[in-house]
Number of protein chains: 4
Amino acid sequence: MGSTPQPRRGNTRQRIQDVALGLFAEQGYEKTSLREIAEKLDVTKAALYYHFKTKEDILVSIFEDLNRPVEELIAWGETQPRTLETKTELLHRYSNAMADAAPLFRFMQENQATVRDLSIGDTIKHRVLGLVDLIKEPDAPLTDQVRCFSALFTLHAGMLALRDVEGDPEEKRKAALEVAVELVTRAHDPETPR
Amino acid sequence: MGSTPQPRRGNTRQRIQDVALGLFAEQGYEKTSLREIAEKLDVTKAALYYHFKTKEDILVSIFEDLNRPVEELIAWGETQPRTLETKTELLHRYSNAMADAAPLFRFMQENQATVRDLSIGDTIKHRVLGLVDLIKEPDAPLTDQVRCFSALFTLHAGMLALRDVEGDPEEKRKAALEVAVELVTRAHDPETPR
Amino acid sequence: MGSTPQPRRGNTRQRIQDVALGLFAEQGYEKTSLREIAEKLDVTKAALYYHFKTKEDILVSIFEDLNRPVEELIAWGETQPRTLETKTELLHRYSNAMADAAPLFRFMQENQATVRDLSIGDTIKHRVLGLVDLIKEPDAPLTDQVRCFSALFTLHAGMLALRDVEGDPEEKRKAALEVAVELVTRAHDPETPR
Amino acid sequence: MGSTPQPRRGNTRQRIQDVALGLFAEQGYEKTSLREIAEKLDVTKAALYYHFKTKEDILVSIFEDLNRPVEELIAWGETQPRTLETKTELLHRYSNAMADAAPLFRFMQENQATVRDLSIGDTIKHRVLGLVDLIKEPDAPLTDQVRCFSALFTLHAGMLALRDVEGDPEEKRKAALEVAVELVTRAHDPETPR
DNA sequence: GATGAATGAGGCTTCATTCAT
DNA sequence: GATGAATGAAGCCTCATTCAT
């Protein structure tokens, strides 16, 4: 005796999320089938449906779990004065949050068309706009708004597009952060020499 | 003359491309079926196969047509001296090219996961890297490389992410261009004050 | 006293039958899933299996409970002389039995295709034929046999098809009973003027 | 050479309808799967979807084809004076129509729960009420309304419930028709001796 | 007296693709 | 230059049922 059929451990839900996120990030949402997820877990498709109502629900649950830090970040930001220090701190923390949930962010970046139509689409949009609102001055001119958006995208890029650039990932993240801070600084204090 | 409103023959191929790109950009590649394309054109699916070998082939053909200006841009860039003027001009031209082929760029931005696995994935990657190569100095430090990537993404953002920002599209494009130029300028001439 | 609003234990079996019959009658047998029944009871599906062997078993148990009056009616009829009074009394009692178990009769009427294949199919058939046998004369001509069948169906109709006719349900039942009696009377005494 | 793969005759649509109706009538709608229909036709399931949009659409198309005679019958009835002759003629024609489309009527009788929820449910209900309206006097008392409903159900019974009675089908139909006429006659001319 | 976790079978539907005409 | 008919693979999802706890 020894290994009975299967330990039937209570962590199946978590394992589904992990495997699913891995595949979603790697192949895309639509190209990942539930069959594939189930097989990788050595479970039947029906088992997935015991834990989640639909395929989309799997993604939503992953998103809700990993998204919490960002929500908290925004909530924190809203309690702070809109100083340059706060903004810089926001970028730092956001960069860290992204690094912690890298696969999810990669997924969202690479599957925008899909994500847009899913129920999380709005949430994401609100979140980005919320972050930008914390980073830009209320009546910032268009150019400064663009700087703030760019700062955020630069952080994303630090994680994604720079994969094709040689160098240590952590260093690339740092460099992206530096550029992002620079953009936000310039937007914060318009008098800086053009 | 006497041109009745008959469906001008001979342009079906073009019409397929137009409709397909519209749907690909709007809904995503996988979520757009050939049935949908055919119905919108009031043609049968089989007709699509008369003009294109596969679904992917439709996309590839669109890409090849609309991508030519960018290829030419890179080719032109390679003949020019790597001055700031050249770089600025490259950004201008690239921004224009994007505006001319907006749906295609939107599609590529929002369907990265899909595009990556398709035959055009490599082409796109090479193209971006080629552009960055023209824009950055050969041995630029990491931070400057990031600036150059960011400049490019900023142009994309000017077209896409800024949709949720109020303002005239053309002005947004201009603003994005301004920020992009700024980033490249800074990367070009490191002595610029912090 | 002291009866807190706790779910009275011990009556789960009954509650399952009630809810199941309600849903079976409302939606049909195949379109009602055990999940639905369980959810409406705020119990798990597995709980249903503690009380019943199979889905069909739930239906069978309902049928057996509610069908008893009809069995007794037939048994009673078999002890009576085959007079017109007896027949009339049978129709009255049958009509009452139907009113008491309306959802079950509705279910059987609207799910004949399903019921036929289930184990209760034969029982029902025998029961109807048994009733007709009590109501018609042994060697009645075909037309009179039809009258007897019609009498029975008229009672059913009084409960079901007449839902779309305005009027008090009880009055409709009475009217149906009157017509049924008339049909059986005519079958009983062939000399009645054509 | 000789028999090529399959004649690919253009009657597939019709064949699907025939086979489907046969199975629907025999086993019920829900218990008949598209797989079963396809196999019986030696076609793939996907072929069914070339000809019909959904499973329900198959049924609807069958219904629409076979229902036409009844619609015409009602239309005809509405142009006639509401005499007893007209009513009798209506019953005759309706009985014939039922005999011509026996499987469909059997299906509708035995799958009421299913049919009710399908798009044809309302059509059927309207049709029955329309027929009754032609057969009963405008302000007929409840009992006479019941007689008219009963007349219709008797015709159905002549086709269905009487299967378990010995005798030639055609004779049974005649007998049912006779009883139905009798019921309508009685409803038409209330003075008839009770 | 009931739950939590899972299964195996099968349901309907959609898709990209083919090919004879 | 296109259609009509069909296919094979696969998709998501639901169901009745089981069983250890």
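Every chain is numbered from 1 and lettered A, B, ... according to where its sequence line falls, protein lines coming before strand lines.
In this entry the distance linking CG of Asp42(A) with C1' of dT7(E) reads 13 Å, nearest Å. Between Asn11(D) atom CG and dA5(F) atom C1' the separation is 12 Å, expressed in whole Å. Rounded to whole Å, the distance from CD on Gln14(A) to C1' on dG4(E) is 18 Å.
Separating the CG atom in Asp117(C) from the CD atom in Glu26(D) is a distance of 9.5 Å, to the nearest 0.5 Å. The distance from the OH atom of Tyr29(B) to the NZ atom of Lys31(A) is 9.0 Å, given to the nearest 0.5 Å.
Applying side-chain contact (heavy atoms from CB on, under 4.5 Å) to Val19(A) and the options Thr32(A), Val43(A), Ile37(A) leaves one that passes, Ile37(A).
A salt bridge links Arg116(A) to Glu110(B): at least one charged side-chain nitrogen sits closer than 4.0 Å to a carboxylate oxygen.
Across every non-hydrogen atom of Gln112(B) and Gln109(B), the tightest pair is NE2-O, 2.9 Å. Counting all heavy atoms, side chain and backbone alike, Ala113(D) lies closest to Gly28(C) at CB-CA, 4.0 Å. Leu41(A) approaches Arg15(A) most closely through the heavy-atom pair O-NH2, 3.4 Å.
A donor-acceptor pair is defined here as one N or O able to donate and one able to accept, closer than 3.5 Å; such a pair exists between the side chain of Asp57(A) and the backbone of Lys53(A).
The phosphate of dA2(F) has OP1 or OP2 within less than 4.0 Å of a side-chain N or O from His51(B). At dA5(F), one or more side-chain N or O atoms of Tyr50(D) fall inside 4.0 Å of OP1 or OP2 (strictly under the cut-off). Look at Thr12(B) and you won't find any side-chain N or O under 4.0 angstrom from OP1 or OP2 of dG1(F).
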Heavy atoms under 4.0 Å is the rule here; annotate nucleotides 11-16 of chain E 5' to 3' with B where the base is hit, S where only the sugar-phosphate is, and - elsewhere.
SBBBBB
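Among the duplex regions that DNA chain E forms, those built from at least three successive Watson-Crick or G-U pairs under 3.5 Å are E:2-21 with F:2-21, ordered by first number.
Between Leu48(A) and Arg13(C), the residue anchored closer to the 5' end of DNA chain E is Arg13(C), taking for each the nucleotide with the nearest heavy atom.
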